[in-house]
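One structure follows; several queries about it will come next.
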Amino acid sequence: MPISATAPQGVNPLLDSRDLRLPRIADPCVLVMFGITGDLARRKLLPAVYDLAGRGLLSPAFCLVGVGRRDWDDEAMRSYVAQAVRSGARTPWRPAVWEQLAAGMRFVTLSSFDDAAAYARLTQVVEDLDARRGTGGNRAFYLSIPPGWFPTVTQQVAACGLVEEAPGAWRRVIIEKPFGHDRASAAELDTLVGRIVRPDDVFRVDHYLGKETVQNILALRFANTMLEPLWNHRYVDHVQITMAEDIGIGTRAGYYDTIGSARDVIQNHLLQLLALTAMEEPTSMTAAAVRAEKEKVLASVRLERRGELDLDATTARGRYDAGFQGGVPVKGYLEEDGVAPGSRTETFAAIRLEIANRRWSGVPFYLRTGKRLARRVTEVAVVFERPPFLPFDGAATAGVGANTIVLRIQPDEGVTMRLASKVPGSHMELRDVSMDFGYGGTFNEESPEAYERLILDALLGDAPLFPHQREVDLSWRILDPVIDRWAAAGEPDGYRPGSWGPASAHQLLARDGRTWRRS
Ligand code: BG6
């Protein structure tokens with residue numbers, strides 16, 4: 001059916017015609033952003049807000065209130081946001097979009113997060129915007145700040161009445177990871193947020209769930225017939241989930257040095273990828289149904305290897321040394337600006353897990369992540385068993401590996417199947433070949449950025465792409481013993497920039513007679 005270029009009645013005229021089949025436009029509202037001057041807001045959140053506006057998915061009445069410690073007025077915030085948008089947005093700069101968005105921007109300066117007078121000003125600003133721009137009293141609070149400030153900010157926001165329920169209006173809190181430091185602190189954080197809004201109004205951002213390719217895992221598994229019959233211990237030998245980055249920690253030492261790669265990535269992104277890869281089919285795609293299946297699988301995760309717990313054999317961690325990356329000299333982690341002297345923070349982490357259920361019994365899931373590795377790649381590789389019998393002579397199949405389905409999360413998003421095939425010629429020789437599906441070559445539509453999808457969903461009150469507190473808790477249950485063991489075990493192993501991590505990561509798989517892909 002041709003798509004009409006004319007916006008239907010009642011739809012924002014800025015709506016991009018390609019998005020007409022998605023008329024999911026957020027209610028008028030005020031988005032209050034704590035941490036607007038931070039790195040994440042500048043690189044991701046503000047460009048995403050603009051892109052949503054550019055796609056016509058925000059109401060014309062949408063307002064953005066920045067809260068921060070800079071001595072800014074509204075104009076200074078606008079020019080900061082404009083810069084962030086010009087360098088980070090996906091959609092073109094359009095003066096009409098910008099003007100509409102900029103008209104709803106305000107900045108409130110705090111001397112510190114417990115500056116009660118500033119919260120009183122914030123309340124006035126929000127109420128004034130409600131009245132002037134018709135936001136219907138709807139408010140979302142985006143907390144993109146270190147979790148140490150959560151108690152103060154939630155307490156102050158509650159004290160000034162900003163989150164008091166009002167008939168017909170919604171209040172939501174959007175929080176960025178880390179969701180705590182361990183299981184106990186995550187529970188405390190949840191209690192704090194629970195004091196200001198109802199549990200259904202808390203949106204925990206794991207930006208991996210906003211990625212198209214991550215959402216596609218459920219589509220591939222549950223909208224097709226071919227994969228599901230094979231997706232179990234009878235055919236799958238093991239699964240490798242990798243999130244590798246070639247960059248170092250950059251200017252993020254203040255955050256990263258207190259966290260390390262297991263908390264930064266495994267606790268959230270990689271365990272979510274594991275849950276989506278291993279879960280059973282949900283009864284529907286509602287938040288409750290999808291979360292229920294993810295929770296079951298996370299609750300079945302075991303650190304034991306064939307029934308025995310030996311974390312020194314089933315986990316590995318490392319820290320990048322000084323060296324060269326792509327021919328360029330790079331600092332070691334300990335020399336990076338802002339890293340504490342004697343820090344033991346890991347920049348590489350790998351874990352072997354099993355899932356104690358009928359589908360996955362005996363199939364190891366290997367998770368790894370790290371900075372300054374050989375290249376940037378995130379993928380889920382499902383490696384199948386070898387055929388039980390090969391009617392070819394040994395030489396013919398010498399170059400054949402295991403069948404593998406690779407869900408390529410990024411970059412070069414798509415799916416690859418590795419299969420054996422005959423090499424053309426007069427004798428029988430087999431070699432592995434790839435069957436590829438690439439997003440770029442298949443769809444005309446460009447994928448939205450993860451944050452566009454997640455901010456829009458939070459403003460729409462759509463929960464399926466946000467992990468529930470129970471998932472957060474179950475993920476910490478898995479990770480806490482590993483982190484405790486590492487804390488007791490001393491220094492992480494060093495590894496060379498541009499490599500695939502420390503020797504211990506390779507030994508982890510070698511113990512099972514396997515190797516990492518690409519290493
Ligand atoms: C974040 C981590 O969650 O994900 C960062 O805190 C990491 O350390 C980033 O660099 C990677 O995100 P992406 O979308 O580039 O894979």
Side-chain angles (χ1 to χ4, degrees), residues 35 38-45 47-48 51 87-88 90 142-147 174-181 186 203-217 241-274 276 317-320 325 330 333 336 338-339 343 345-350 367-380 407-414 439 446-455 465-467 471-472 475-476 479 497 501:
D39 185 60
L40 181 73
R42 182 177 50 77
R43 286 188 308 109
K44 299 285 184 189
L45 309 183
D51 286 330
S87 58
R90 191 173 63 83
Y142 203 122
L143 306 188
S144 176
I145 50 173
I174 309 169
I175 49 178
E176 276 292 334
K177 74 178 187 60
F179 311 122
H181 207 66
F203 293 79
R204 296 172 191 79
V205 175
D206 179 326
H207 80 280
Y208 263 61
L209 297 183
K211 292 183 191 268
E212 285 289 330
T213 40
V214 172
Q215 293 162 41
N216 195 32
I217 296 176
I241 304 182
T242 299
M243 180 202 154
E245 294 181 282
D246 51 4
I247 51 169
I249 56 155
T251 53
R252 296 170 74 221
Y255 161 80
Y256 198 87
D257 200 35
T258 57
I259 302 271
S261 53
R263 288 187 173 100
D264 187 37
V265 170
I266 295 187
Q267 192 275 340
N268 36 77
H269 309 328
L270 295 197
L271 285 173
Q272 284 291 326
L273 288 178
L274 174 142
L276 294 170
R317 75 200 158 114
R319 178 172 68 201
Y320 59 82
Q325 185 129 29
V330 292
Y333 179 74
E336 298 275 19
V339 168
S343 162
T345 301
E346 80 285 351
T347 60
F348 175 97
L367 276 48
R368 67 174 163 170
T369 182
K371 304 269 185 202
R372 286 245 180 274
L373 297 182
R375 51 177 289 224
R376 174 174 180 252
V377 59
T378 302
E379 63 175 36
V380 177
L407 311 176
R408 304 195 315 265
I409 307 297
Q410 67 188 26
D412 187 22
E413 292 80 357
Y439 272 77
E446 213 189 306
S447 299
E449 275 283 320
Y451 275 103
E452 278 172 69
R453 176 69 196 267
L454 295 176
I455 293 173
L465 299 183
F466 297 88
E471 293 166 65
V472 171
S475 302
W476 282 121
L479 213 57

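Ligands are counted one by one from 1 in listed order, and the atoms in each one are counted from 1 as well.
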- Query: Parallel, tilted or perpendicular for Phe466 and Phe203, by the 30°/60° rule?
  - Reply: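 Perpendicular.
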- Taking atom 15 (O) of ligand 1 as the reference point, the nearest protein heavy atom with its distance: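 Nearest neighbour among protein heavy atoms for atom 15 (O) of ligand 1, to 0.1 Å: Arg376 NH2, 3.6 Å.
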- Is Asp264 in contact with ligand 1, taking contact as a heavy-atom separation below 4.0 Å?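 Right, Asp264 reaches ligand 1.
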- Go through ligand 1 atom by atom and flag the ones less than 4.0 Å from a non-hydrogen atom of Lys371.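 Those qualifying, in numeric order: 5 (C), 7 (C), 8 (O), 10 (O).
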- Is any side-chain heavy atom of Asp51 closer than 4.5 Å to a side-chain heavy atom of Pro448?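 Heavy-atom side-chain distance check fails, nothing below 4.5 Å.
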- Message: Considering both backbone and side-chain atoms of Lys211, is one of its nitrogen or oxygen atoms within less than 3.5 Å of a nitrogen or oxygen in ligand 1?
- Response: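 In this structure, Lys211 places an N or O atom under 3.5 Å from an N or O of ligand 1.
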- For atom 7 (C) of ligand 1, what's the nearest protein heavy atom and its distance?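 Atom 7 (C) of ligand 1 sits closest to the protein heavy atom Glu245 OE2, 3.4 Å.
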- Write out the residue and atom name of the closest protein heavy atom to atom 4 (O) of ligand 1, then the distance separating them to 0.1 Å.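 Checked against all protein heavy atoms, atom 4 (O) of ligand 1 sits closest to His207 CE1, 3.3 Å.
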- Message: Parallel, tilted or perpendicular: which one describes the rings of Tyr208 and His269, with boundaries at 30° and 60°?
- Response: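 Rings of Tyr208 and His269: parallel, under 30°.
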- Message: For atom 5 (C) of ligand 1, what's the nearest protein heavy-atom neighbour? Residue, atom name and distance, please.
- Response: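 The answer is Arg252 NH1, 3.4 Å.
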- Message: Can you confirm whether Tyr256 sits close enough to Arg263 that some side-chain heavy atom of one is under 4.5 Å from a side-chain heavy atom of the other?
- Response: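 No, too far: nothing below the 4.5 Å cut-off.
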- Query: Does any N/O atom on His269 come nearer than 3.5 Å to any N/O atom on ligand 1?
  - Reply: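 In this structure, His269 places an N or O atom under 3.5 Å from an N or O of ligand 1.
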